[in-house]
Engineer: 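The structure under discussion is supplied below as structure tokens; questions concerning it will follow.
Throughout, protein chains are lettered first and strands after them, A, B, ... in sequence-line order, and every chain is numbered starting at 1. Not measured: the values here are computed from a predicted model.
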Number of protein chains: 2
Amino acid sequence: MNTDGSMELSRQLRPLLTRVYQMVRRRSPGWDVTAAQSSVLTTLLDRGPLRMGELAAVEGVRMPTATSVVARLVKLGLVERTADPQDRRAVQVGLTAQGRIQIDALSAERNANFAELLGRLSAEERGLLQAAMPAMAHLLSLDADPNLAASENDLSTALEGASNHE
Amino acid sequence: MNTDGSMELSRQLRPLLTRVYQMVRRRSPGWDVTAAQSSVLTTLLDRGPLRMGELAAVEGVRMPTATSVVARLVKLGLVERTADPQDRRAVQVGLTAQGRIQIDALSAERNANFAELLGRLSAEERGLLQAAMPAMAHLLSLDADPNLAASENDLSTALEGASNHE
DNA sequence: TGTTCATATTTAGATATTCTAACTATTAGC
DNA sequence: GCTAATAGTTAGAATATCTAAATATGAACA
């Protein structure tokens, strides 16, 4: 296997993706919430309310970590916990109105900052980036784990611009 | 301004980049060092030895944070601090042989894992991703800050596959 | 029905990360 | 040599993260 150049592409592309991601975050650090908190807010904005375990899985942390971060966000009034009537062991975590406002603002600032850089590329370069987006969405769908599947906003909506991510 | 579609592209592309980045990290969490530590190791692998302040700038954290993380990595034997003879206030931070081995291993695992996903795309999709890489490299160069410029490995080497990033 | 195992989450305790403010040491300008 | 700027560390506090253990609910079944 691997006569298709995937390994070579991975070695070139993965570092680039990492650096662009880091650059975006460095240029728009965000205000008064920590990195972990803003990541949770963005995940909830993007995927809608999640159970505690789903949130932990998406964030790539253990459940006690999710519990801890959510507890602080609740104290800040940015998210709320509601019991799941179907399964009373479970907890649904969702944004409050104030949480939505705050994370929308950060997301908009990051989009604007990134757009400024994109505007300095040539139209051809922007076209190439645009053309690569469906392949990226396909990559994401390949990773889809039934355990942390998106609910209302499924992966295809990532291309609609309706979702905002950290 | 912004009649070139940069804002719309940003709104679509930035979330995708974020999700691909998070997916890669979630699929290869790394062993015994923390996220902050592996990020520093990868930065040093990619950019070569850095001064403490440069390292903090690249990582997007304050200097005391860099000091703290480096101190732990020194204790683990993965990085070393050397005095700069030119400027005796400054400290150079670089990988030890053992540090290089460890971060090479993690980088290779992430590359292989990502390559497995890429291998499930069509050849056309891989071609589109490949074609978008120069534009990404250009984006990175636009962000170049003289304060945190790469030394031996400049940004163009990101396309050579010689560097490995978190 | 009640016992037992599995699942979802929290609590407890430890280590790591991160910040701001204040401190030390060195360099640069005059 | 003063004085100010620069590079880094130390101190102290809040947050984030982990593993192990506890709690509570759900599911299976004799």
Side-chain angles (χ1 to χ4, degrees), chain A residues 22 25-26 29-43 49-94 145-149 151 166, chain B residues 22 25-26 29-43 49-94 145-148 166:
Chain A
Q22 288 184 326
R25 296 206 121 235
R26 193 174 57 239
W31 9 237
D32 49 356
V33 297
T34 68
Q37 288 168 1
S38 90
S39 181
V40 166
L41 292 176
T42 311
T43 294
L50 294 175
R51 290 164 65 140
M52 194 65 78
E54 294 173 326
L55 178 60
V58 172
E59 293 292 320
V61 299
R62 306 292 177 175
M63 264 202 286
T65 302
T67 298
S68 165
V69 176
V70 165
R72 283 177 219 291
L73 287 171
V74 167
K75 209 168 290 182
L76 293 170
L78 302 178
V79 309
E80 57 195 354
R81 302 163 45 109
T82 58
D84 182 342
Q86 314 298 324
D87 184 345
R88 284 187 306 188
R89 296 168 300 180
V91 180
Q92 287 272 333
V93 182
D145 186 294
N147 192 25
L148 45 82
S151 46
E166 283 329 284
Chain B
Q22 288 183 327
R25 296 204 120 235
R26 194 175 56 238
W31 8 237
D32 49 356
V33 296
T34 68
Q37 288 168 0
S38 90
S39 182
V40 165
L41 292 176
T42 310
T43 294
L50 294 175
R51 290 165 66 141
M52 195 64 78
E54 293 173 326
L55 178 59
V58 172
E59 293 291 320
V61 298
R62 307 289 178 179
M63 264 204 286
T65 302
T67 299
S68 166
V69 176
V70 165
R72 283 177 219 291
L73 287 170
V74 167
K75 208 169 291 181
L76 292 171
L78 302 178
V79 309
E80 58 195 353
R81 301 162 46 108
T82 58
D84 182 342
Q86 313 299 324
D87 184 345
R88 284 186 305 186
R89 296 169 300 179
V91 179
Q92 287 272 334
V93 181
D145 185 292
N147 191 25
L148 45 82
E166 281 330 285

Engineer: Does any N or O in the side chain of A/Ser39 come within less than 3.5 Å of the main-chain N or O of A/Ala35, such that one atom is a donor and the other an acceptor?
Structural biologist: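 Side chain of A/Ser39 to backbone of A/Ala35: no pair is present.
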
Engineer: With a 4.0 Å limit, can you tell me whether A/Thr67 has a side-chain N or O closer than that to the phosphate oxygens OP1/OP2 of C/dT10?
Structural biologist: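 Yes, because at least one side-chain N or O of A/Thr67 sits under 4.0 Å from OP1 or OP2 of C/dT10.
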
Engineer: Find every protein N or O atom lying less than 3.5 Å from an N or O atom of nucleotides 27-30 of chain C, and list the pairs.
Structural biologist:
from	atom 1	to	atom 2	distance (Å)
C/dT27	OP1	B/Arg88	N	3.0

Engineer: Restricting to salt bridge (charged side-chain N to carboxylate O under 4.0 Å, His left out), what partner residues turn up for B/Arg62, sequence neighbours left out?
Structural biologist: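 Per chain and number, B/Arg62 pairs via salt bridge (charged side-chain N to carboxylate O under 4.0 Å, His left out) with no residue.
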
Engineer: Which letters describe nucleotides 11-18 of chain D, given B = protein heavy atom under 4.0 Å from base, S = only from sugar-phosphate, - = neither?
Structural biologist: ----SSBB

Engineer: Have a look at A/Gln37 and tell me which of A/Val69, A/Leu78, A/Val79 forms a side chain to side chain contact (heavy atoms under 4.5 Å, CB included) with it.
Structural biologist: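 So the option named by the test is A/Val69.
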
Engineer: Report the distance from atom CG of A/Leu55 to atom P of C/dA8, rounded to the nearest whole Å.
Structural biologist: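 Computing the A/Leu55:CG to C/dA8:P distance gives 15 Å.
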
Engineer: Calculate, to the nearest 0.5 Å, the distance between atoms OG1 and CD belonging to A/Thr43 and B/Gln22 respectively.
Structural biologist: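 CD of B/Gln22 is found 5.5 Å from OG1 of A/Thr43.
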
Engineer: Please examine the side chains of B/Leu76 and B/Asp32, heavy atoms only from C-beta on, and report whether any two atoms are closer than 4.5 Å.
Structural biologist: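 Not in contact.
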
Engineer: Please report the interatomic distance OG1(A/Thr42) to CD(A/Glu59), rounded to the nearest 0.5 Å.
Structural biologist: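 The OG1 atom of A/Thr42 sits 8.5 Å away from the CD atom of A/Glu59.
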
Engineer: Take atom CD of B/Glu54 and atom C1' of D/dT6, then tell me their distance rounded to the nearest Å.
Structural biologist: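 Distance check: B/Glu54 CD to D/dT6 C1' gives 13 Å.
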
Engineer: Working to the nearest 0.5 Å, report the span between CG of B/Leu55 and OG1 of B/Thr65.
Structural biologist: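 If I round to the nearest 0.5 Å, the distance is 10.5 Å.
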
Engineer: Are B/Asp87 and B/Arg51 packed together at the side-chain level, in the sense that at least one heavy-atom pair is separated by less than 4.5 angstrom?
Structural biologist: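 In contact.
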
Engineer: CE of A/Met52 versus P of D/dA24: gap in Å, rounded?
Structural biologist: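 After rounding, the reported distance stands at 17 Å.
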
Engineer: Using whole Å, what does the distance between atom P of nucleotide D/dG26 and atom CZ of A/Arg51 come to?
Structural biologist: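 Nearest whole value for this atom pair: 11 Å.
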
